[in-house]
Amino acid sequence: MARLLIAASGTGGHVFPALGVAEKLPDYEIQWLGTPNRLEQSLIGDRYPFHSISVEGFQTRSPLKKLQILLGLVNSVFAVKKIIKEEKIEVVFTTGGYIASPAILAAKLSGIPAILHEANYIPGKVTKLLSRFCNTVALGFEGTKKYLPNIPTLWVSTPVRSQFYTPQSLDLNIPDNVPLIVIIGGSQGAVSVNQLVRNCLPEWLKMGVYVVHLTGKNDPDADIFKHPQYISLPFYDNVAGLLQRADLAVSRAGAGTLTELAITKTPAILIPYPFAAEDHQSFNAKVFVEGEAAYCYQQKELTEQNLKDLVLDLIKNPEKLKRMSQKSSELAVIDSAEQLSKLIKDAV
């Protein structure tokens with residue numbers, strides 16, 4: 001069996017696409033590289049052997065702190081190189097983020113191929129700096145290629161987990177014949193958006209709409225609003241079933257979430273995370289707005305009245321939602337995980 005090290009850590013946007021690829025490689029012996037106390041540890045569980053390293057980004061102005069982070073990175077590179085040698089790893093696959101740096105550099109030093117998937121429209125700093133050391137950079141958005149001149153790239157979109165491709169049943173008490181709005185703040189949650197949504201709820205619920213609100217785990221007011229048509233959850237594992245059932249999503253614009261919306265043909269109102277590196281969520285969202293699959297508001301411009309009125313207008317006009325759903329499906333790449341798994345196999 002070929003031996004693969006997957007380096008994916010931090011947020012669902014990094015971990016879920018990597019899991020989607022792993023599912024397509026049942027004949028590979030897969031090991032996982034992550035960081036302590038992050039999302040990947042709970043998601044991976046005992047499915048794959050798990051290796052943990054400490055790595056940070058350079059978002060600091062302190063020269064001393066930057067030196068400490070650099071030394072930590074060097075140590076992490078050699079730690080990963082040791083894993084590659086001891087576990088006889090033949091290829092490294094990473095979905096970017098901080099952990100991609102030691103993974104790619106260790107693969108280069110070990111003389112084995114590395115495949116990088118860049119999900120966002122604007123490539124991150126790691127991708128810009130280290131893509132030259134990768135065999136191929138797989139792209140979530142076709143237009144990203146212009147930011148990586150002279151780098152071997154392939155547009156594959158972003159993989160999603162297998163359950164998004166098959167009908168999923170819900171274990172939530174939602175009648176079949178009512179409109180459903182799903183609110184998704186991303187794996188980190190979105191407290192300010194949550195508050196806006198709660199202010200809009202009375203008007204929406206009067207329309208007979210049901211709302212499922214994924215608040216994240218950091219919202220102190222998550223349980224403050226109660227109504228039989230309103231379901232508030234910090235996290236829900238069956239997002240595939242939720243989006244398949246939804247008439248409309250209000251969501252951040254992470255690349256993974258946008259792909260899930262496209263696969264499930266879910267119309268959306270997008271609110272890009274305002275502190276994302278290089279504002280990459282706004283560029284992600286622009287592709288869906290131009291594709292007529294979504295509306296987009298910057299968080300600082302979004303008012304309670306705007307959000308309330310747009311949702312009401314869409315719920316009252318199912319033909320608009322139907323057209324957005326069709327346009328969303330046109331942005332989906334169904335075999336993204338298969339294309340990435342083939343890249344990995346070809347590299348070996």
Could you check whether any side-chain heavy atom of [X] comes within less than 4.5 Å of a side-chain heavy atom of [Y], counting everything from C-beta outward?
X: L314; Y: I269; answer: yes
X: I99; Y: L33; answer: yes
X: V250; Y: L270; answer: no
X: L321; Y: L248; answer: yes
X: L233; Y: T215; answer: no

query: Can you hop from L242 to V178 via hydrophobic side chains spaced under 4.5 Å?
result: yes

task: Go through the structure and list residues passing ring pair (Phe, Tyr, Trp, His ring centres under 6.0 Å) with F283, not counting sequence neighbours.
output: none

- prompt: Who are the ring pair (Phe, Tyr, Trp, His ring centres under 6.0 Å) partners of Y210, not counting sequence neighbours?
  reply: none

side-chain contact (heavy atoms from CB on, under 4.5 Å) with [X]: which residues, sequence neighbours excluded?
X: L71; result: L67
X: S54; result: P36
X: T266; result: L243, A246, A249, L261, T264
X: D221; result: Q195, R198, D219, I224

- request: Please collect all ring-ring contact (aromatic ring centres under 6.0 Å, His included) contacts where either partner lies in residues 103-160, sequence neighbours excluded, each pair once.
  value: Y121-F141

task: May I have all residue pairs that pass ring-ring contact (aromatic ring centres under 6.0 Å, His included) and include part of residues 315-348, sequence neighbours excluded?
output: none

- prompt: By side chain to side chain donor-acceptor pair (under 3.5 Å), which residues pair with H14, not counting sequence neighbours?
  reply: none

- prompt: Taking only residues two or more places apart in sequence, or in another chain, which ones meet T166 in a side chain to side chain donor-acceptor pair (under 3.5 Å)?
  reply: Q168

- prompt: Are Y295 and Y297 an aromatic pair by the rule of ring centers under 6.0 Å?
  reply: no

- prompt: Rest of the hydrophobic cluster containing V74 (Ile/Leu/Val/Met/Phe/Trp/Tyr, side-chain heavy atoms under 4.5 Å)?
  reply: F78

Only pairs under 3.5 Å count here: list side-chain donor-acceptor contacts from residues 19-30, not counting sequence neighbours, and write none if there are none.
unit_1: E23; atom_1: OE1; unit_2: S162; atom_2: N; d: 3.0
unit_1: E23; atom_1: OE1; unit_2: S162; atom_2: OG; d: 3.2
unit_1: K24; atom_1: NZ; unit_2: E338; atom_2: OE2; d: 3.2
unit_1: E29; atom_1: OE1; unit_2: R3; atom_2: NH1; d: 3.1
unit_1: E29; atom_1: OE2; unit_2: R3; atom_2: NH1; d: 2.8
unit_1: E29; atom_1: OE2; unit_2: R3; atom_2: NH2; d: 3.1

